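A short worksheet on the structure shown next.
The figures that follow rest on heavy atoms only: side chains count, while hydrogens, waters and symmetry mates do not. Just so it is clear, the model here is predicted, and its values are computed rather than measured.
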Amino acid sequence: MAQRLNNRQREAVKYIDTPLLVLAGAGSGKTSVITTKIAYLIQECGIKARNIVAVTFTNKAAREMKERVGLLVRGRVSRGLTVSTFHHLGLTIIRKECSLLGYKPGFSIFDDKDIRSLLKELMMRELNAEDDTVERIQSAISAWKNDLVTPKQAMSQALQPEEMMAARVYENYNRMLKAYNAVDFDDLITLPVLLFRNQPDVLERWQNRIHYLLVDEYQDTNGAQYELVKMLVGQRGKLTVVGDDDQSIYAWRGARPENLSLLQQDYPALKVIKLEQNYRSTSRILKAANTLIANNPHMFEKALWSELGEGEKIRVIRCRSDEAECERIATEILTHRLRKETRYRDYAVLYRGNFQSRLLELKMQHHQIPYHINGGVSFFSRVEVKDVMAYLRLLVNPDDDNAFLRIVNVPRREIGPTTLEKLGNYANKHKVSLYQACDERGMEEVLASQYLERLRQFVAWMNRVSRRLQNSDDPVSVIREMLGDCEYENWLLQNSSSPVIAEKRMANIWFLVDSLQKTLESGEEDSSIEAAIGRLVLRDMLERQEEEDDTDRVQLLTLHASKGLEYPHVFLMGMEEDLLPHRTSIEEDNIEEERRLTYVGITRARKTLTITMASRRKQFGETLDTSPSRFLEELPQKDLVYKGFEQGEARQEERKMAGRVGLESLYKSLSD
DNA sequence: CATCGTATAGTTTTT
DNA sequence: CTATACGATG
């Protein structure tokens with residue numbers, strides 16, 4: 001153990017006799033504990049890396065952890081170590097056992113949008129439902145899956161006719177998914193659990209593979225994930241979980257922080273270790289965090305402390321508008337960076353909703369501040385990426401009707417809905433895929449030759465590409481040719497609102513193609529193009545999406561995305577009622593989770609924390625007045641310095657700032 | 001069947 | 001205000 005760990009941390013690393021719960025406050029070095037423990041297990045306990053599994057909640061965290069373990073054990077001893085997200089682990093299991101689950105290799109994963117259109121289609125048939133019921137059913141199904149409730153159970157538990165309806169849709173939905181050879185996100189967890197329940201021998205196989213299991217961010221596990229952990233650990237009890245109930249911010253997607261205390265029941269021999277020393281923040285920042293979170297009820301009491309000195313006061317700045325707020329943040333970063341000779345990457349701006357990044361982005365550009373937006377629309381949900389993925393899917397599996405429908409007329413091939421409907425009817429009747437149906441004789445009676453010809457042309461073209469793909473020793477260039485052939489770039493250009501956007505979209509495509517190349521070259525077991533595409537389809541390269549972090553840029557991210565990260569200087573923006581306790585949370589009386597979210601935001605900061613808000617905020621074109629967040633009153637007032645609140649203060653500031661930096665915009669933002 | 005236009009709805013948070 | 005969806009027109 002090369003690293004300096006404190007006594008408690010060391011205890012957590014070395015304790016392996018019974019299940020262990022590490023209650024790790026923010027910044028208490030939990031990642032160090034996990035990584036050191038993995039190294040310890042490998043080096044001191046003789047456990048092979050391939051028999052250790054560590055589970056995190058984000059791909060980024062997983063990658064980081066793997067890297068750190070690699071550094072600790074130096075060399076290839078860490079080969080075969082599994083560090084992945086819950087969903088990735090589930091995916092691995094499903095991929096290995098897919099035949100047992102009734103899936104064919106190369107199955108696809110439906111995202112939110114795919115699911116919604118599937119449900120829409122499904123419900124239109126039964127009864128013409130409204131749009132918001134589709135969404136309600138979608139979240140109901142997700143909730144059921146998270147709690148391992150099968151359609152049959154849902155059916156029998158249903159009390160109201162509406163629930164009954166939802167349960168029926170649920171059953172059909174699952175059937176449809178299987179017909180599409182597809183799974184949804186929740187299935188990645190629930191399918192393995194259901195498999196393990198029904199086939200103990202399969203479970204045993206996996207239990208034998210996993211000699212030690214570590215779970216990070218345990219407070220974020222949902223019912224299904226809890227069950228999965230329990231099953232994989234089995235009687236052996238070789239388990240370490242790390243969590244912090246104060247950082248539970250995913251209850252809205254089924255996370256159950258009470259899983260932390262549930263452990264005590266399930267494992268009577270559970271050992272609990274608390275980590276309370278913080279190695280990240282100044283004591284002022286910690287005091288603010290502690291004071292705020294004290295307003296929440298607690299399962300486990302804990303108080304963070306640090307030896308890093310008192311630090312600067314926390315600034316609370318009120319700006320006159322949302323625009324002024326972003327402007328202020330930009331100029332603050334600029335001047336602070338110059339004065340303190342820091343780098344851009346030392347700053348992060350945290351916000352509640354993704355929409356807040358727009359204005360911010362604009363201001364950053366205006367001031368030529370390099371920035372990086374973390375999150376937003378995920379790479380794989382971008383239309384252009386989904387299009388190309390559909391092409392790839394169709395190449396690997398011509399019977400993927402979903403992929404077929406997506407791109408048969410993209411770019412335009414003059415194949416419209418009526419043609420496709422007839423094709424669909426025929427395919428249904430004759431139990432063949434849409435792709436197959438195109439070439440069948442019987443179609444000639446269903447469809448006029450001019451329309452059928454277009455379909456057949458498309459199929460013939462795809463066949464040609466497919467053949468070339470088989471024979472070529474540079475498959476990726478075949479893909480490039482294919483995209484050139486169908487003039488996808490042209491189509492993007494026509495279809496985007498501006499050439500700049502089209503260019504960005506095209507860049508995404510090339511990134512995707514490059515990833516395919518890399519996947520192909522990275523020498524995994526199966527290096528066929530099919531396997532490479534399969535891995536891509538299964539989002540195996542999700543990690544690669546997080547790009548070069550070594551550039552010097554200000555980080556812009558949501559509070560949710562910020563969990564687990566830290567920055568020397570943090571801006572927490574939009575500290576307003578209805579936004580930081582978000583309105584829906586106020587209405588649902590769920591302030592506690594919002595408070596935890598704020599807690600997470602505060603504890604990201606190492607040296608300085610700046611909280612901002614706007615007195616007026618533009619929403620859908622109209623300007624609304626705001627009021628300061630209630631959380632401001634819950635902070636230790638002595639450690640705060642307010643700017644822009646009282647007239648006197650504001651004026652004083654205005655003079656000071658104007659004298660210091662000659663930035664007109666800054667002057668303007670304060671003069672209200 | 002495609003293109004263009006208008007209408008309309010939408011902002012939590014994510015694997 | 002903007003992205004998307006749907007409907008009217010060519």
Side-chain angles (χ1 to χ4, degrees), chain A residues 55-62 84-91 109-113 115-117 120 130-132 135 139 142 145-146 183-190 217 220-222 224-225 248-255 322 350-359 362 374-381 383 409-421 448 450-451 454 491 494-498 501 538-539 542-543 545 557-563 574 578-588 590 593-594 596-598 600-601 617-624:
Chain A
V55 180
T56 64
F57 266 81
T58 64
N59 291 296
K60 199 197 277 174
S84 70
T85 62
F86 260 109
H87 296 266
H88 231 281
L89 179 65
L91 183 61
I109 303 171
F110 277 16
D111 69 11
D112 262 22
K113 264 190 178 163
I115 291 165
R116 201 163 333 152
S117 53
K120 215 171 180 176
E130 295 139 57
D131 219 40
D132 79 311
E135 225 161 288
S139 55
S142 178
K145 288 194 175 184
N146 284 335
V183 299
D184 63 23
F185 268 117
D186 302 316
D187 285 338
L188 295 178
I189 313 295
T190 54
E217 309 280 14
D220 288 335
T221 51
N222 61 36
Q225 288 162 339
S248 158
I249 53 175
Y250 286 109
W252 53 271
R253 68 169 198 210
D322 46 356
L350 274 36
Y351 37 82
R352 177 65 232 258
N354 276 311
F355 70 96
Q356 291 175 76
S357 70
R358 296 219 166 180
L359 252 182
L362 232 60
N374 204 331
V377 203
S378 111
F379 182 74
F380 279 94
S381 58
V383 271
N409 199 30
V410 173
R412 296 270 119 88
R413 280 183 263 271
E414 299 187 297
I415 298 166
T418 34
T419 304
L420 289 175
E421 202 186 327
Q450 44 173 335
Y451 301 121
R454 290 172 192 161
W491 184 82
Q494 278 178 2
N495 248 277
S496 305
S497 40
S498 82
I501 290 180
L538 295 177
R539 296 160 193 235
L542 259 182
E543 305 144 53
Q545 170 204 348
L557 63 173
T558 63
L559 286 163
H560 283 88
S562 77
K563 196 166 70 156
D578 284 0
L579 190 58
L580 198 31
H582 194 272
R583 223 178 95 202
T584 44
S585 296
I586 297 174
E587 280 161 5
E588 287 165 20
N590 187 22
E593 182 144 318
E594 298 287 307
R596 287 193 290 268
L597 203 48
T598 310
V600 166
R617 190 172 285 280
K618 227 185 249 158
Q619 196 181 21
F620 309 145
E622 61 179 341
T623 307
L624 301 171

Any protein N or O atoms within reach of nucleotides 2-9 of chain B? Criterion: under 3.5 Å, listing atom names and distances.
residue, atom, partner, partner atom, Å
B:dA2, OP1, A:E414, N, 3.1
B:dA2, OP1, A:I415, N, 3.4
B:dT3, OP2, A:R412, NH1, 3.3

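- A:Y250 places its OH atom 6 Å from the P atom of B:dT14, with the value rounded to the nearest Å.
- Toward the 5' end of DNA chain B, the nearer of the two residues A:F620 and A:L420, judged by each one's closest nucleotide, is A:L420.
- What separates CD of A:E593 from P of B:dT13 is a distance of 14 Å, to the nearest Å.
- Rounded to an integer number of Å, the gap from A:L559 CG to B:dT14 C1' is 14 Å.
- Under the rule for a ring pair (Phe, Tyr, Trp, His ring centres under 6.0 Å), A:Y451 has no partner lying at least two apart in sequence or in another chain.
- Taking 4.0 angstrom as the limit, A:N354 places a side-chain polar atom (N or O) nearer than this to OP1 or OP2 of B:dT14.
- For A:T85, the side chain to side chain donor-acceptor pair (under 3.5 Å) test picks out no residue, with sequence neighbours left out.
- An OP1 or OP2 oxygen of B:dT11 is reached within less than 4.0 angstrom by no side-chain nitrogen or oxygen of A:T584.
- By the ring pair (Phe, Tyr, Trp, His ring centres under 6.0 Å) test, A:H582 is found to be paired with no residue, residues two or more places apart in sequence or in another chain being considered.
- Remark: C1' of B:dT15 and CG of A:N222 are 10 Å apart, rounded to the nearest angstrom.
- Checked against side chain to side chain donor-acceptor pair (under 3.5 Å), A:E593 has the following partners two or more places apart in sequence or in another chain: A:R596.
- Using atom P as the reference point in both B:dT11 and C:dC6, the two lie 16 Å apart (nearest Å).
- Comparing B:dT13, C:dA3, B:dT15 against the side chain of A:R358 picks out C:dA3 as the nearest.
- We find that CD of A:E217 is positioned 13 Å from C1' of B:dT15, with the value rounded to whole Å.
- The backbone N or O of A:S139 lies less than 3.5 Å from no partner atom in the side chain of A:S142, so there is not a single donor-acceptor pair.
- In this structure, A:Y351 has no ring pair (Phe, Tyr, Trp, His ring centres under 6.0 Å) partners at least two apart in sequence or on a different chain.
- Ring-base stacking between A:F355 and B:dT11 is not satisfied when judged by a centre separation under 5.5 Å and a plane angle under 30°.
- Contact detail for A:R454 and A:R413: the closest heavy-atom pair is CD-O, 3.8 Å.
- For the pair A:R596 CZ and B:dT13 C1', the interatomic distance rounds to 13 Å; values are reported in whole Å.
- Along DNA chain B, the nucleotide nearest A:R454 and the nucleotide nearest A:L597 are compared for position; the residue whose nucleotide lies closer to the 5' end is A:R454.
- When the C1' atom of B:dT13 is taken as reference, atom CG of A:L579 falls 12 Å away, rounded to whole Å.
- For the pair A:D578 CG and B:dT11 P, the interatomic distance rounds to 17 Å; values are reported in whole Å.
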